[in-house]
Amino acid sequence: MAGYSKLRERMVADQIARRGVTSKLVLDAMRNVPRERFLPKGQGILAYDDSPLPIGKGQTISQPYVVAYMTESLALKGGERVLEIGTGSGYAAAVLAEIAAEVYTIERIERLATMASAVLDDLGYDNVHVQHSDGTLGWPEHAPFDGIVVAAGSSKVPAALKRQLKKGGHLVIPIGKNKWYQELVRVTRVAEDEFETEELLPVRFVPLVGEEG
Ligand code: SAH
């Protein structure tokens, strides 16, 4: 819809480029994904607000800037295999799928996994693979991954995810002791048994709930 594409252009300029995201791949991805399609019916009008929004089951679709920032933090060049934990609405998976070759995304709430999968299919994202399971264990069948994004807050980096990261790959995850406030952290696998950690940005995510969360 013309109205939405104008709002989306403005969102990219005002919320994302203005805050310092410069990757053309990421800015183009944010221009292409119709965020209104990932919201509950009747809420499309809110899609380009500068905030997270409720998607049911106590969960949220992330703020557009945070999705762009996390995606840029993976430093993708195109063509990679990426794992996302916390599909939620499927929006961030679609953004990743604009850049990566294959996106594997895991959601622990079955209803959300089913809904996200339907929207992604409908929009033609056949390079996104949604699984309903506990993402803290990763997706070993498709490992290793060039990049891993965790879209829920954890007290630590799940060990299984570190194991499933390719050498040179980045993993971004909100880490915090407090349930509702975290620091976005980027972990880079520099060698088989060597990981580097950087703190990037204060964030607020719903909690990661699972065996290793
Ligand atoms: N990326 C999403 C936002 C996700 S919100 C989007 O763009 O809409 C975080 C999601 O993580 C929630 O849907 C929550 O159910 C899910 N989650 C929490 N713990 C999880 C786990 N252990 N495995 C998989 N999903 C999990």
If you count every heavy atom of other residues, nucleotides or ligands that lies below 6.0 Å from Leu200 atom CG, does the total exceed 12? yes

Group every Ile, Leu, Val, Met, Phe, Trp and Tyr by side-chain heavy-atom contacts under 4.5 Å, then state whether Ile148 and Ile175 land in the same group. yes

Exam field: side chain [X] to backbone [Y], donor-acceptor pair closer than 3.5 Å:
{"X": "Glu212", "Y": "Ala159", "answer": "yes"}
{"X": "Glu80", "Y": "Ala100", "answer": "no"}
{"X": "Glu72", "Y": "Thr22", "answer": "yes"}
{"X": "Gln182", "Y": "Phe205", "answer": "yes"}
{"X": "Asp146", "Y": "Gly169", "answer": "no"}
{"X": "Arg81", "Y": "His142", "answer": "yes"}

Show your reasoning for whether side-chain contact (heavy atoms from CB on, under 4.5 Å) applies to Phe38 and Val33. CA-CA 10 Å; Phe38 295 88; Val33 181; 3.7 Å; yes

Take Arg19 and Asp50 through the test side-chain contact (heavy atoms from CB on, under 4.5 Å) and record every step on the way to the result. CA-CA 12 Å; Arg19 288 196 181 108; Asp50 191 12; 2.6 Å; yes

Separation between CG (Asp49) and CD (Gln15), nearest 0.5 Å, reads 8.0 Å

Can you tell me how far apart OH (Tyr91) and CD1 (Ile61) are? Round to the nearest 0.5 Å. 7.0 Å

Do Arg8 and Tyr48 have a side chain donor and acceptor closer than 3.5 Å? yes

Do you see a donor-acceptor pair shorter than 3.5 Å between the side chains of Thr136 and Asp134? yes

Whether Tyr65 and Tyr69 hold their rings parallel, tilted or perpendicular, with breakpoints at 30° and 60°: tilted

State plainly whether the residues Arg186 and Glu198 are in salt-bridge range, i.e. N to O under 4.0 Å. yes

Using a strict cut-off of less than 4.0 Å between a Lys/Arg side-chain nitrogen and an Asp/Glu carboxylate oxygen, indicate whether Glu192 and Lys167 qualify as a salt bridge. no

Run the side-chain contact (heavy atoms from CB on, under 4.5 Å) check on Lys166 and Arg189 step by step: do they pass? CA-CA 7 Å; Lys166 235 181 239 180; Arg189 187 170 204 168; over 6 Å; no

